[in-house]
Colleague: 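Structure below; questions to follow.
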Amino acid sequence: MTAIPDFPVGTNTTISGLGSSFADELSGLSVPWQGAEAPDPELLALNEDLAVSLGLDVAALRSADGVAVLAGAEVPAGAKPIAMAYAGHQFGGYAPLLGDGRALLLGELVDADGDRVDLHLKGSGPTPFSRGGDGFAVVGPMLREYLVSEAMHALGIPTTRSLSVVATGRPVHREGAEPGAVLARVAASHLRVGTFEFAARQGEVVRALADHAIARHYPDLLDLPETGENNRYLGLFTAVVEAQASLVAQWMLVGFVHGVMNTDNTTISGQTIDYGPCAFVDAFDPAAVFSSIDHSGRYAFGNQPAVLKWNLARFAETLLRLVDSTPDAAIAAVTAVLDSFDTRYERHYRSGLAAKLGLPEDSLDQELVDDLLTLLEEHRADWTVTFRALADELRGNPAPLDGLVPRERSAPWLERWHAAAERDDRAAGERAEAMDRVNPLYIPRNHQVDAALKAATGGDLEPFAKLLEVVTHPFEARAEWNEYVSPAPRSFAESFRTFCGT
Ligand code: AMP
Ligand code: MG
């Protein structure tokens with residue numbers, strides 16, 4: 001048997017009081033580990049608001065000691081950093097051991113709301129789980145995760161957050177040499193469906209893992225019995241099905257394509273995680289795929305709810321023994337819950353879409369939705385711009401919508417939309433305001449993100465900082481931000497590709 005190394009002993013006092021409940025409560029699911037040295041660390045981005053909400057000292061984080069911690073080069077005093085083990089279904093095929101191949105869980109903090117969160121580093125160097133990879137990450141993709149995750153947070157969508165990006169000064173080999181970087185990520189936890197897939201094959205530890213997940217994310221379930229019809233493990237499955245159905249509905253409503261919905265990237269908390277090959281659609285297009293490796297379109301925009309349900313079925317399999325000692329009864333119980341996914345998803349999607357259209361939920365009939373989607377698809381109308389144009393239409397300004405869909409094609413649908421609002425006693429202007437509060441003006445447009453990251457990789461952080469400012473205020477119309485509203489030029493959109501693990 002290979003010896004498990006001891007936890008590295010840290011002396012850096014930038015961050016204190018990091019907890020280690022995952023490592024302490026669950027044996028065999030992680031390895032104590034430490035990040036690589038950073039030859040010449042430089043702080044590229046620091047989320048000061050997030051730092052403050054975590055009780056962290058901004059000045060200390062900006063100091064040489066703080067940057068060394070955020071780069072993974074130094075261990076905070078008293079911390080027990082680990083690389084977590086997990087498995088996962090990647091593009092449908094099972095990989096029994098993935099794990100943090102280039103990441104570390106530094107420890108846990110309690111945020112301003114009293115919730116326990118993980119402080120995690122990505123790109124911090126090789127670990128026992130690195131397999132063929134080098135364990136590193138580079139500036140562009142780490143700033144990409146920072147930008148898109150913070151945009152998602154500002155859109156009100158559950159997500160991991162980004163605390164910082166540090167350039168390490170280490171050249172990392174990709175297409176050519178690129179500047180290495182480490183992202184500090186904050187998450188409700190790093191428990192994934194893949195963590196359960198790994199634990200279930202280890203044996204009894206899956207029960208301890210489920211108890212740990214319940215205590216951390218769904219503590220109300222602790223009131224439920226451990227066995228019997230209404231047990232806490234079936235409760236855990238139901239809670240995750242609900243959280244993920246809500247999450248994927250929110251992705252669909254904002255046009256977000258995750259791009260790599262493997263089971264190791266599906267969280268138990270219901271937060272979006274891992275912003276590698278993600279992108280936003282311009283025109284509504286269920287077949288939209290951006291990832292360079294998703295040849296079959298498994299993770300296409302319109303496939304996301306179905307894939308999520310498939311991932312939840314993999315989660316269910318890991319819980320069978322806990323749900324009922326009789327296999328047939330366990331399968332029947334989880335299947336009934338899994339079957340509820342479609343209704344749950346539809347409920348979230350419909351209520352979100354009703355709000356986007358300024359309609360009471362019960363006035364939204366399926367035909368009205370389907371016909372709108374067909375119209376937008378036919379005319380390749382920009383998804384984000386359309387809903388703002390509809391609010392303008394309500395304010396008596398038809399020009400924005402006419403720029404997207406010719407009036408003779410939109411008129412019949414608009415008539416039905418106005419009719420559907422008849423039972424709404426709000427004035428048109430009031431409805432338009434409510435629509436603007438849920439329909440973003442600014443999303444991370446693929447061409448803008450690309451340009452900002454190229455500049456940042458070359459040393460110019462200005463476009464990144466500006467884009468970050470815009471996309472973290474998605475509902476706040478400002479004339480000087482007009483250039484961020486438009487979709488990419490067609491020529492860019494047609495050739496745009498995203499990449500995993502870079
Ligand atoms: P992802 O597609 O980013 O969710 O990563 C899937 C798996 O690949 C995880 O186990 C990662 O830790 C691992 N991985 C991705 N990039 C690297 C890398 N450069 N070095 C080592 N492991 C990596
Ligand atoms: Mg991942």
Side-chain angles (χ1 to χ4, degrees), residues 29-31 33-36 72 81-106 118 120-146 148-149 159-160 162 168 170-183 185-199 244 247 257-269 271-279 289-294 298-299 307-308 311 314-315 497-502:
L29 301 186
S30 61
V31 178
W33 208 253
Q34 178 167 3
I82 53 171
M84 293 167 88
Y86 52 84
H89 279 83
Q90 300 185 305
F91 288 90
Y94 187 63
L97 183 58
L98 293 170
D100 287 335
R102 55 165 175 171
L104 289 178
L105 174 59
L106 216 48
D118 281 0
H120 170 107
L121 302 176
K122 184 164 170 176
S124 48
T127 76
F129 304 115
S130 294
R131 298 171 288 146
D134 59 12
F136 295 113
V138 298
V139 165
M142 294 306 99
L143 286 176
R144 186 167 215 280
E145 170 152 347
Y146 188 112
V148 184
S149 65
T159 176
T160 62
S162 296
T168 57
R170 171 185 286 99
V172 173
H173 186 72
R174 290 293 177 258
E175 300 264 279
E178 295 216 29
V182 174
L183 169 84
R185 170 160 86 181
V186 174
S189 83
H190 283 79
L191 304 178
R192 313 147 188 265
V193 168
T195 319
F196 278 79
E197 292 180 287
F198 180 79
Q244 286 287 347
L247 179 67
V257 187
H258 182 281
V260 61
M261 290 177 68
N262 295 331
T263 56
D264 49 302
N265 292 334
T266 301
T267 58
I268 301 306
S269 66
Q271 287 184 332
T272 312
I273 196 168
D274 269 359
Y275 290 86
C278 67
V289 172
F290 299 99
S291 168
S292 61
I293 59 167
D294 191 2
R298 180 182 174 88
Y299 301 140
V307 162
L308 208 270
N311 289 355
R314 306 288 77 76
F315 181 40
R497 290 285 166 276
T498 56
F499 301 92
C500 287
T502 43

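Hydrogens, waters and symmetry mates are skipped; everything else that's a heavy atom, side chains included, is used. Both ligands and their constituent atoms are indexed starting at 1 by order of listing. Keep in mind that this is a model prediction, so the values were computed, not measured. One-based numbering along the sequence shown.
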Colleague: Checking side-chain polar atoms at under 3.5 Å, does T266 have a donor or acceptor matched by the opposite partner on Q244?
Modeller: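 No pair is found: no donor N or O on one side chain lies under 3.5 Å from an acceptor on the other.
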Colleague: Which of the atoms of ligand 1 are close to G133, meaning less than 4.0 Å from one of its heavy atoms?
Modeller: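 Heavy-atom distances to G133 below 4.0 Å select 20 (N), 21 (C).
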Colleague: Return the orientation label for the Y94 and H89 ring planes: parallel under 30°, perpendicular over 60°, tilted otherwise.
Modeller: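 Answer is tilted, since the angle falls between 30° and 60°.
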Colleague: Rounded to the nearest 0.5 Å, what separates atom CD1 in I273 from atom OG1 in T159?
Modeller: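 Between I273 CD1 and T159 OG1, I get 8.5 Å after rounding to 0.5 Å.
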Colleague: Within 45° of the six-membered ring axis of Y86 and under 6.0 Å from that ring's centre, is NZ or CZ of R192 located there?
Modeller: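 Geometry flag: set, cation within 6.0 Å and 45°.
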Colleague: Looking at ligand 1, does G276 have a heavy atom less than 4.0 Å from it?
Modeller: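 G276: no contact with ligand 1 (<4.0 Å).
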Colleague: Is any side-chain heavy atom of F198 closer than 4.5 Å to one of P96?
Modeller: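 The answer is no, as the side chains (C-beta and beyond) never meet within the 4.5 Å cut-off.
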Colleague: Report the part of E145 (side chain from C-beta onward, or backbone N, CA, C, O) that has a heavy atom under 4.0 Å from ligand 1; answer both or neither where that applies.
Modeller: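 Neither; no heavy atom under 4.0 Å.
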Colleague: Out of G99, A103, A83, whose heavy atom is nearest to atom 11 (C) of ligand 1?
Modeller: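 Heavy atom nearest to atom 11 (C) of ligand 1 belongs to G99.
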Colleague: So does D118 pair up with R185, basic N to acidic O under 4.0 Å?
Modeller: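 Looking at R185 together with D118, the answer is no, because their closest N to O distance does not fall below 4.0 Å.
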Colleague: Got a sec: is N265 within less than 2.8 Å of the Mg ion (ligand 2) via an N/O/S atom?
Modeller: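 Coordinating: yes.
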Colleague: Measure from the Mg ion (ligand 2) to each N, O or S atom of D264 and report whether any distance is below 2.8 Å.
Modeller: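 Not a single backbone or side-chain N, O or S atom of D264 is under 2.8 Å from the Mg ion (ligand 2).
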Colleague: With side chain to side chain contact (heavy atoms under 4.5 Å, CB included) as the criterion, how do Y146 and L183 come out once you've worked through the C-alpha distance, each side chain's angles and the decisive distance to 0.1 Å?
Modeller: CA-CA 8 Å; Y146 188 112; L183 169 84; 4.2 Å; yes
Colleague: Counting from 1, what ligand 1 atoms have a heavy atom of F136 closer than 4.0 Å?
Modeller: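 Result: 19 (N).
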Colleague: Nearest non-hydrogen contact with atom 9 (C) of ligand 1 belongs to which option: Y86, Y275, F129?
Modeller: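 The nearest heavy atom belongs to Y86.
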Colleague: Nearest 0.5 Å, please: how far is CZ in F136 from CZ in R174?
Modeller: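 It is 9.5 Å, given to the nearest 0.5 Å.
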Colleague: Looking at non-hydrogen atoms alone, which of G101, A137, P126 comes nearest to atom 21 (C) of ligand 1?
Modeller: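 Residue with the shortest heavy-atom distance to the ligand atom: G101.
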Colleague: Among the N, O or S atoms of D274, which one sits nearest to the Mg ion (ligand 2)?
Modeller: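 Among the N, O or S atoms of D274, the one closest to the Mg ion (ligand 2) is OD2.
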Colleague: Select the closest option to atom 18 (C) of ligand 1 among R174, R102, R192, judged by heavy-atom distance.
Modeller: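 Among R174, R102, R192, the closest heavy atom to atom 18 (C) of ligand 1 comes from R102.
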Colleague: So for ligand 1, is D274 a polar contact partner (N or O within less than 3.5 Å, distance only)?
Modeller: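 In this structure, D274 places an N or O atom under 3.5 Å from an N or O of ligand 1.
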Colleague: Are a donor atom and an acceptor atom from the side chains of S162 and S149 found within less than 3.5 Å of each other?
Modeller: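 There is such a pair (donor and acceptor under 3.5 Å, judged by atom type) between the side chains of S162 and S149.
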Colleague: Which of the numbered atoms in ligand 1 are below 4.0 angstrom from a heavy atom of G135?
Modeller: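 Counting atoms of ligand 1 from 1, those under 4.0 Å from G135 are 18 (C), 19 (N), 20 (N), 21 (C).
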Colleague: Counting both backbone and side chain atoms, is some N or O of L98 under 3.5 Å from an N or O of ligand 1?
Modeller: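 The answer is no, given that L98 and ligand 1 share no N or O pair closer than 3.5 Å.
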Colleague: Using distance alone, determine whether Q90 and ligand 1 share an N or O pair under 3.5 Å.
Modeller: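 No - when backbone and side-chain N and O of Q90 are compared with those of ligand 1, no distance drops under 3.5 Å.
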Colleague: Under a 3.5 Å cutoff, is there a donor and acceptor pairing between the side chains of T160 and Y275?
Modeller: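 No, no side-chain donor-acceptor contact under 3.5 Å.
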Colleague: Please report whether ligand 1 has a polar contact with N265, defined as an N or O pair separated by less than 3.5 Å (distance criterion only).
Modeller: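 The answer is yes, given that N265 and ligand 1 share an N or O pair closer than 3.5 Å.
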